[in-house]
Amino acid sequence: YDFVSWNTQADGTGIAYAEGELVTSLATSGDVNLYAQWEPHEYGVVFDAQGGLGTMASLTLTYDALPVSLPLNTFERVGYTFAGWNTSPDGTGDAYADGARVRNLVPEGQGVLYAQWTPNEFAVSFDANGGVGTMPSQVFTYDAPQALAAQAFEREGYTFAGWASSEAGPIVYTDAQVVTNPLFEAGSRTLYAIWKPNTYSVVFDAQGGTGAMSELSLVYDDDAVKLPAHAFMRYGYTFAGWNTSSDGMGVLYDDQASVRNLATSGTTKLYAQWTPNHYVVAFNP
């Protein structure tokens, strides 16, 4: 309040005297009371979006007047929900709900009400994209860094290369990468596993034959390729093809056969198969 004057009545309906006024004969006898008269301050209230967007007009209020309702919040902030007002930016002051009735926010001047925001939670799901296995959705809090769940899918002949926002890529995150707000503004909050086909080696085992053949490098799921012509020799035998098992009980491949996906990774062997030759002994008397 600001001091206005003195008055012979508490409610200001008596005789008024200015501060410092010269007076005589205030009373005929006894004591007289002069009552201070006060004028309440007007003060302003402004609204701080605190990272939000939008505008809100300031308020002009009168100290000790009847409570008034705060205007409803019109600020918006991506990834956050409005949680009320506070007289301190960090939320340690006096808190007020949206539209709360308020009185005497400050004694004079201008007060600030700071918007308080609660970060939203959202879920991201994981798609094996040709792999097998399961991974539960992962919940993220907006603006809070968090590691992606370690990938748990498998795909035969492939190695996990990372996560993408579409089935075709490109890769946007690596396995277990610490991320902030993954895909928050995307239409679909799904991360797709991206797979790299394995490169594997094929070596040729002469199985008792002689000679040399270079190792073959192939890529899983590539188009079929023709095996090189066999270059081994074995005295008394004829080459009869290749087999994935040394005892011939595996998968048999002809010489220069077209092959695909002989192994999922690492090194695999093809074993030369040999048929013993027949020969004739003639007897001369």
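Just so you know, these numbers use all the heavy atoms, side chains as well, and skip hydrogens, waters and symmetry mates. Computed from a prediction, not measured in an experiment: that's the story for all the values here.
- Considering all non-hydrogen atoms of both residues, Ala193 and Phe153 come closest at CB-CD1, 4.3 Å.
- Within a 6.0 Å radius of CD in Gln177, other residues, nucleotides and ligands contribute more than 12 heavy atoms.
- Between Tyr220 and Tyr200, the ring planes are perpendicular. Angles over 60° get that label, and only those under 30° would be called parallel.
- In this structure, the separation between CG on Asp254 and CG on Leu252 is 6.0 Å, given to the nearest 0.5 Å.
- The structure places CG of Leu59 at 8.5 Å from CG of Leu113, a figure rounded to the nearest 0.5 Å.
- Among all heavy-atom pairs drawn from Phe3 and Ala36, the shortest one is CE1-CB, 3.8 Å.
- Side chains of Val179 and Phe140 form a contact here, defined as non-hydrogen atoms less than 4.5 Å apart.
- In this structure, a donor-acceptor pair under 3.5 Å is absent between the side chains of Glu156 and Thr264.
- Closest approach of Phe122 to Thr141, counting heavy atoms only: CE2-C, 4.4 Å.
- Applying side-chain contact (heavy atoms from CB on, under 4.5 Å) to Phe47 and the options Leu70, Asn73, Thr55 leaves one that passes, Leu70.
- The aromatic ring centres of Phe232 and Phe239 sit 6.0 Å or more apart.
- With hydrogens and angles ignored, the 3.5 Å screen pairs a side-chain donor or acceptor of Asn261 with a backbone N or O of Asp221.
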